[in-house]
S.K.: 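Input: one structure, supplied below.
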Amino acid sequence: MSLFTLFVMLTLAVLSPPASAWNIPGHMLSGAIAYQVLQQESPQTIDKVKAALEKHPWYTNQWHARLQDVPGTDHSFVLFMQVTRWADDIRTNDKQQHRALWHYINWPFKPDGQPPSVQTREPEAVNILTAMTENQRIVANGNDPERKAIAIARLFHLVGDIHQPLHAVQLFTADYPQGDRGGNEICVRVTQAGQPMDLHRFWDGVITSSQNMTRLRNDATVLRGRQEFQRSQLTELTNTDFESWAKESSRLRRRLPIVAAGE
């Protein structure tokens, strides 16, 4: 892995709290945090990333127009936020580029006490770990500027996804014998009067659901200022391989209470 690629990905990972939220605003927030950290520690890296991303097919067709609505000093900041959400945007706007299996790895989790009849299922051969490895290879060694820009955008997004615990485990119990699909089959109600939603969607939106640029900038600043999110406190960053990150997320999910169907 090149030092350039490693630094950017570690920056994206540096403030992934245990209850990370990775809906589209959550990914945009991770982009805002990455930009702020790079601005402080390696501003020249921002210029390199921006130059590479200008070769992305969405730069001309989508992102450049959005940049015209913000001051020039904020172009790179807004671009980082747009790039982190791209791999979700293409689910509806560019389905040919969408790679659903690349967003997660369903390591099986069968809690103690479950009957022998509950059988687990191993993850798909293609998953977030194989995707990150492939896209890192393209960024480090690829010769096609457009493919490299697409790979950078995918990594921006996948570094976020790999830190969302429900992207790294699938629960198997008597209530969920076919697996819970990363919490998508588990229904929760946040408040007594609230509308039910699946656990995955709840977790995705637990930090923010706002796409307001000013609010996201402020939220990034607040998160970066929290003592527990200082780089010196994040000992997990000593592990720079993708599998270690995914296993950390999987362990966090396994600590959650098990919700039975109908509760």
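Numbering of residues begins at 1 and proceeds along the displayed sequence. Treat the numbers as computed from the prediction; the structure is a model and nothing was measured.
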S.K.: If the plane angle is over 60° it's perpendicular, under 30° parallel, otherwise tilted; pick one for Trp245 and His163.
M.R.: tilted
S.K.: After noting the C-alpha distance and the side-chain angles of Asn106 and Asn127, does the key distance pass the side chain to side chain contact (heavy atoms under 4.5 Å, CB included) rule?
M.R.: CA-CA 8 Å; Asn106 277 336; Asn127 53 61; over 6 Å; no
S.K.: Does Ile138 offer a backbone N or O that forms a donor-acceptor pair with the side chain of Asn135 under 3.5 Å?
M.R.: no
S.K.: Got a donor-acceptor contact below 3.5 angstrom from the Ser42 side chain to the Leu38 backbone?
M.R.: no
S.K.: Please report whether the ring centroid of Trp63 lies less than 6.0 Å from that of His56.
M.R.: yes
S.K.: Going through the checks in order, is the side chain to side chain contact (heavy atoms under 4.5 Å, CB included) test met by Ser250 and Phe109?
M.R.: CA-CA 9 Å; Ser250 180; Phe109 171 36; over 6 Å; no
S.K.: Tell me, please, which residues at least two apart from Glu243 pass side-chain hydrogen bond (donor to acceptor under 3.5 Å, both in side chains).
M.R.: Lys247
S.K.: Might you work through the side chain to side chain contact (heavy atoms under 4.5 Å, CB included) test for Phe80 and Met28, ending with a clear yes or no?
M.R.: CA-CA 8 Å; Phe80 268 52; Met28 293 173 69; over 6 Å; no
S.K.: Answer with yes or no whether the side chains of His27 and Asn23 bring together a donor and an acceptor at under 3.5 Å.
M.R.: no
S.K.: Taking Asp88 first and then Arg91, would you say they form a salt bridge - that is, a charged N and a carboxylate O separated by under 4.0 Å?
M.R.: yes
S.K.: Consider only side-chain N and O atoms of Asp241 and Ser244, and report whether a donor and an acceptor are under 3.5 Å apart.
M.R.: yes
S.K.: So, Gln233 side chain and Gln227 main chain: donor-acceptor pair closer than 3.5 Å or not?
M.R.: no
S.K.: Would you check, one step at a time, whether the test side chain to side chain contact (heavy atoms under 4.5 Å, CB included) holds for Arg217 with Asp74?
M.R.: CA-CA 11 Å; Arg217 187 198 300 269; Asp74 282 342; 3.0 Å; yes
S.K.: Are Leu155 and Trp102 connected, step by step, through hydrophobic side chains (Ile, Leu, Val, Met, Phe, Trp, Tyr) whose heavy atoms are closer than 4.5 Å?
M.R.: no
